[in-house]
Amino acid sequence: MKKLMTMTRQFRDDENGAAMVEYTILLGIITVATIGTIVAVGGWVGNKWTVLNTSINGH
């Protein structure tokens with residue numbers, strides 16, 4: 001356990017480790033934004049498809 005804590009401190013103090021953490025957070029933000037966009041566009045397309053289907057079957 002002590003070795004793990006030592007490695008964690010070294011990783012924290014290393015600038016490359018800090019950059020990796022920043023890039024990981026940025027990647028997470030981009031991933032969440034992408035998934036949110038896909039869900040929003042999917043909902044919009046689904047709604048348009050439902051309206052089109054209703055208008056075709058309604059007439």
Side-chain angles (χ1 to χ4, degrees):
M1 184 69 176
K2 187 174 182 178
K3 184 176 180 180
L4 179 64
M5 292 301 291
T6 302
M7 288 174 50
T8 304
R9 281 191 206 104
Q10 288 174 346
F11 183 74
R12 180 192 64 199
D13 294 339
D14 185 18
E15 289 182 18
N16 292 331
M20 187 184 310
V21 170
E22 291 170 359
Y23 285 127
T24 303
I25 291 171
L26 183 60
L27 181 62
I29 291 170
I30 291 170
T31 302
V32 168
T34 301
I35 291 171
T37 301
I38 290 170
V39 168
V41 169
W44 180 79
V45 169
N47 184 37
K48 294 296 180 183
W49 185 259
T50 302
V51 169
L52 176 64
N53 191 24
T54 304
S55 69
I56 289 173
N57 291 330
H59 287 86

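Note: hydrogens, waters and symmetry copies are ignored here, and every other heavy atom, side chains too, is used.
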Notebook entry, point to check: So which residues get pulled into Ile35's cluster when ILVMFWY side chains under 4.5 Å apart are joined, directly or through others?
Noted result: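 Under the 4.5 Å side-chain rule, Ile35 groups with Val39.
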Next item on the list: Give me the other members of the hydrophobic cluster that Trp44 sits in, counting Ile, Leu, Val, Met, Phe, Trp and Tyr linked by side-chain heavy atoms under 4.5 Å, directly or via other members.
Entry: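 So far as hydrophobic clustering goes, Trp44 is joined with Val41, Val45.
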Check: Which one of Ile56, Thr50, Thr54 satisfies the side chain to side chain contact (heavy atoms under 4.5 Å, CB included) criterion with Leu52?
Finding: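 With Leu52 as partner, Ile56, Thr50, Thr54 yield a single side chain to side chain contact (heavy atoms under 4.5 Å, CB included), made by Ile56.
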Determine all donor-acceptor pairs shorter than 3.5 Å in which one atom belongs to a side chain in residues 23-33; sequence neighbours excluded.
residue: Thr24; atom: OG1; partner: Met20; partner atom: O; Å: 2.7
residue: Thr31; atom: OG1; partner: Leu27; partner atom: O; Å: 2.8

